[in-house]
Every structure is written in C-alpha cells, then in structure tokens.
Amino acid sequence: LHPTRAAKITIGGREIGIVGEASPEASETLDVRGRPYIYELDFRALMESGPQAVTYQEPPRYPALYRHMAVVVSDSVSYDRLVELVRDAGKDLVEEVDLLDAFRGEQIGAAKSSLTISIVFRSREKTLTDDEVNGVLAEIKEALSRGVSASFR
C-alpha cells in the first residue's frame, strides 16, 4: 500500500481490515494504470460486531411533511431536553428531529443560542394536511415556550 494513502479499519479498537491506494511500485509491477485501490476485510469479524437481531420496519405508506424552526434558548438548555419537548408535544406525528444550525451572537443575547431544527411529521394512518401539521407545530412552540422559555425567530 501507499505509505500515506492507506488506513486500518477498526471496530471497537479491533482491526478488521485495511484499505488504501496501491503503492506506485505495486502498480508498476502489476502493470496497472491509474491509481488502483486495495482492501482486505475480515467479514466474520464485521458480522460479529453488528447487532445479533436484525429488526425490520415497514416503509412508510404516507408522505412526510417537513418544517424548520429557529428556537432561541438559554445555553443551559440541553439539546436532548429540546428534542424531548418537541417529541412529547408532537405526539405520535413527530418522526424525526434534527439540528440544522446553531448560532450565538449579540443579536441573540448573552448566554443564548439560536438552534435551527428540522422536524419531520408523518402519520401512520393517513396523509397529513398542512393545517394539521401547523396545529401540532403551534403546540410544539407552546410547549417549548413553557418548558424552556424559548422564543422563536
């Protein structure tokens, strides 16, 4: 392997393989053009490191609706707490909550952060309407206001 373009593949500190660009000498000896790559993987070790039981989840039947929200909270509020409040207020319709951006600055205020989150809404029984999602979003905002004194941008 090339001395600076190779890596060990490890799982939990256990080396299970290697990957990298072939050395120039090996490429020349094998008469291979370009920049060939080589890998070796202990498949048994890879499979042993995975979960013992594989679970299946049926693909969703109904489409998701996405909303982004900029929430201003105190720096003392953990992101986990924010997600917990969103999920609780969103009932069974909140499928996913992701952090898109975090901003601090004097426009936000001292010891505060503006967190832009993406919320994915989906029902297992039907296609959601904008009005339904907007109603749940209003409940989420109310829960964040009450729970962590959040404001919104």
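Note that the numbering runs from 1 along the sequence shown for the chain.
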Distance in Å, [X] [atom1] paired with [Y] [atom2], rounded so as to fall on 0.5 Å steps:
X      : Y      : atom1 : atom2 : result
Leu100 : His68  : CG    : NE2   : 5.0 Å
Leu65  : Phe121 : CG    : CZ    : 8.5 Å
His2   : Ser27  : NE2   : OG    : 9.5 Å

Is the closest side-chain heavy-atom distance between [X] and [Y] below 4.5 Å?
X      : Y      : value
Lys126 : Glu132 : yes
Ile38  : Leu1   : yes
Arg153 : Met69  : no
Glu48  : Arg14  : yes
Ser74  : Val148 : no
Val71  : Leu144 : yes
Glu40  : Ile9   : no
Asp31  : Thr29  : no

With hydrophobic residues grouped by side-chain heavy-atom distances under 4.5 Å, do [X] and [Y] end up in a single group?
X      : Y      : value
Val19  : Met47  : yes
Val136 : Leu128 : yes
Tyr66  : Ile117 : no
Val72  : Val86  : no
Tyr39  : Leu46  : yes

State plainly whether the residues [X] and [Y] are in salt-bridge range, i.e. N to O under 4.0 Å.
X      : Y      : value
Arg81  : Glu84  : yes
Glu95  : Arg124 : no
Asp130 : Arg67  : yes
Glu96  : Arg122 : no

Task: Ring-face cation of Lys141 near Phe152 (centre distance under 6.0 Å, axis angle within 45°) - done: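 Pair Lys141/Phe152 counts as cation-pi.
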
Open item on the list: Please identify which of these residues, Val120, Leu137, Ile140, meets the side-chain contact (heavy atoms from CB on, under 4.5 Å) condition with Val94.
Closed with: Ile140

Donor-acceptor pair, distance only, cut-off 3.5 Å: does the side chain of [X] make one with the backbone of [Y]?
X      : Y      : result
Ser23  : Ala26  : yes
Tyr79  : Leu99  : yes
Ser113 : Leu115 : no

Open item on the list: Quiz question: by atom type and distance under 3.5 Å, do the side chains of Ser118 and Asp98 form a donor-acceptor pair?
Closed with: no

Open item on the list: Run Arg5 and Arg35 through side chain to side chain contact (heavy atoms under 4.5 Å, CB included) and show every step you take.
Closed with: CA-CA 11 Å; Arg5 297 182 187 143; Arg35 296 170 61 178; 3.6 Å; yes

Open item on the list: Run Leu82 and Val73 through side chain to side chain contact (heavy atoms under 4.5 Å, CB included) and show every step you take.
Closed with: CA-CA 9 Å; Leu82 191 82; Val73 292; 4.1 Å; yes

TODO: Please check if atom CG in Asp92 has more than 12 non-hydrogen atoms from other residues, nucleotides or ligands closer than 6.0 Å.
DONE: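 No, not enclosed.
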
Open item on the list: Taking atom CD as the centre, does Gln107 end up with more than 12 heavy-atom neighbours from other residues, nucleotides or ligands that are less than 6.0 angstrom away?
Closed with: yes

Task: Shortest non-hydrogen contact between Ala89 and Ala143, atoms and distance - done: CB-CB, 3.6 Å

Open item on the list: For a side chain to side chain contact (heavy atoms under 4.5 Å, CB included) check, start with the C-alpha distance between Asp42 and Glu15, then their side-chain angles and the critical distance, and finish with the verdict.
Closed with: CA-CA 9 Å; Asp42 182 344; Glu15 184 178 330; over 6 Å; no

